[in-house]
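Here the structure comes first, spelled out in structure tokens, and everything after it is commentary.
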Amino acid sequence: MNCNSTAPHIHQQWCDRPVEIVAPELIGCTLVRQLANGDQLRGMIVETEAYGPDDPACHGYRGRTPRTEVMFGPAGVAYVYLIYGMYHCFNVVTDQENIASAVLIRALELEALPQWVPDKKRKQPHRIAAGPGKLCQVLQIDRTLSDRPLIPSEALWLEHRSPTTQQKFADNSWRLCQTTRVGLSKGVDTPWRWYLEGSSCISKP
DNA sequence: CTCACGATTGGA
DNA sequence: CCAATCGTGAGC
């Protein structure tokens, strides 16, 4: 029996706002992965990036394609894609239908280390989900989860900041940093990356 | 059909 | 610095 309280889950309506508003507010929220074998993996979001309409770095910028169709759909849905032929990236679709936008989740602080993590990676346990490809690896997120609504009856969903976390932002003991985005060739000057200041779990400190 | 490339990562 | 590795999407 787990007696820890869990925050309410995030609804479509909360995600149905401009991506640059949702992205910083997702910091401190929890991403939950329910595996078929019953295991549940949980991590607090500590780094995000926004991708929106009129943004040349956004996959949806040049119009609808089979892969990016989901970005044009309703908010609160997962957009997962394969990058460099070997890693997946997980995004939360935002804003109204027909507006291509999503928040890339770039790093998590895991609540607990999964048992199956190889010894090699246990040397730096806080770095296991520090990066968009790495967090998808550890949470076993791939494209089969793309286009799925992020609700608790599915394999993947989001929970709001806990009261404790909310208080840390409120009293300024936790703060957000805002910078330009990582790894792009277009839209390099748009300051749409946010991370939890001082976190040891972000992808690029 | 062909082909250049990528919202990455780990290792030399 | 560089290779790994393959789906995507643009061009022909």
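We name chains A, B, ... by the order of the sequence lines, and we start the count at 1 in each one. Worth saying up front: this structure is predicted, and the values here are computed from it rather than measured.
The pair A:E49-A:R181 does not meet the salt-bridge criterion, since no charged nitrogen lies less than 4.0 angstrom from a carboxylate oxygen. With salt bridges taken as basic N to acidic carboxylate O contacts below 4.0 Å, one links A:E25 and A:R17.
Distance check, rounded to the nearest 0.5 Å: OG1 of A:T68 to OH of A:Y81 gives 12.0 Å. A distance of 5.5 Å separates CD of A:E111 from OG1 of A:T30, quoted to the nearest 0.5 Å. Between A:L26 atom CG and A:L31 atom CG the span is 9.5 Å, to the nearest 0.5 Å.
When every heavy atom of A:P125 is checked against every heavy atom of A:L113, the shortest pair comes out as CB-CD2, 4.2 Å.
Pairing analysis of DNA chain B (Watson-Crick: purine N1 to pyrimidine N3 plus N6-O4 or O6-N4; G-U wobble: N1-O2 and O6-N3; both under 3.5 Å) yields stems of 3 or more pairs at B:1-6 with C:6-11, B:8-11 with C:1-4.
A stacking contact between A:Y87 and B:dT8 is absent: the pair does not combine a ring-centre distance of less than 5.5 Å to the base's six-membered ring with planes differing by less than 30°.
Applying the 4.0 Å criterion to OP1 and OP2 of B:dG10, one finds that A:K120 has every side-chain N and O outside that range.
A:L104 comes within contact range of at least one nucleobase, with a heavy-atom separation under 4.0 Å. Residue contacts shown for A:R67 are limited to sugar-phosphate atoms, with no base heavy atom under 4.0 Å away. Residue A:G133 is in sugar-phosphate contact alone, with no base atom involved, counting any heavy-atom pair closer than 4.0 Å across all strands shown. Across all strands shown, A:K186 has no heavy atoms under 4.0 Å from either base or sugar-phosphate atoms.
In this structure, A:Y195 places its OH atom 18 Å from C1' of B:dA7, rounding to the nearest Å. Per the geometry, CD1 belonging to A:I128 stands 15 Å off C1' belonging to B:dT9, to the nearest Å. For the pair A:E49 CD and B:dG6 P, the computed distance is 16 Å after rounding to whole Å. With rounding to whole Å, A:I83 atom CD1 is found 13 Å from B:dA4 atom C1'. The distance from atom NE2 of A:H59 to atom P of B:dG6 is 10 Å, rounded to the nearest whole Å. The CG-C1' distance, from A:L82 to B:dA7, rounds to 13 Å in whole Å. In this structure, A:Q124 places its CD atom 11 Å from P of B:dG10, rounding to the nearest Å. In this structure, the CZ atom of A:R143 is 15 Å from the P atom of B:dA7, given to the nearest Å.
In this structure, A:G183 and A:Q137 both approach DNA chain B, and ranking their closest nucleotides by distance from the 5' end singles out A:G183. Nearest-nucleotide positions on DNA chain B for A:S185 and A:P132 put A:S185 closer to the 5' end.
In this structure a side-chain-to-backbone donor-acceptor pair under 3.5 Å is missing from A:R148 to A:E154. Distance alone, capped at 3.5 Å, places no donor-acceptor pair between the A:S203 side chain and the A:A107 backbone.
Interface limits on DNA chain C: the 5'-most and 3'-most nucleotides within less than 4.0 Å of chain A heavy atoms are C:dA4 to C:dG9.
A:W157 and A:I27 are assigned to two separate hydrophobic clusters, defined by single-linkage of ILVMFWY side chains at heavy-atom distances under 4.5 Å.
Contacts of A:Q34 classified as side-chain hydrogen bond (donor to acceptor under 3.5 Å, both in side chains), with partners at least two apart in sequence or in another chain: A:Q40.
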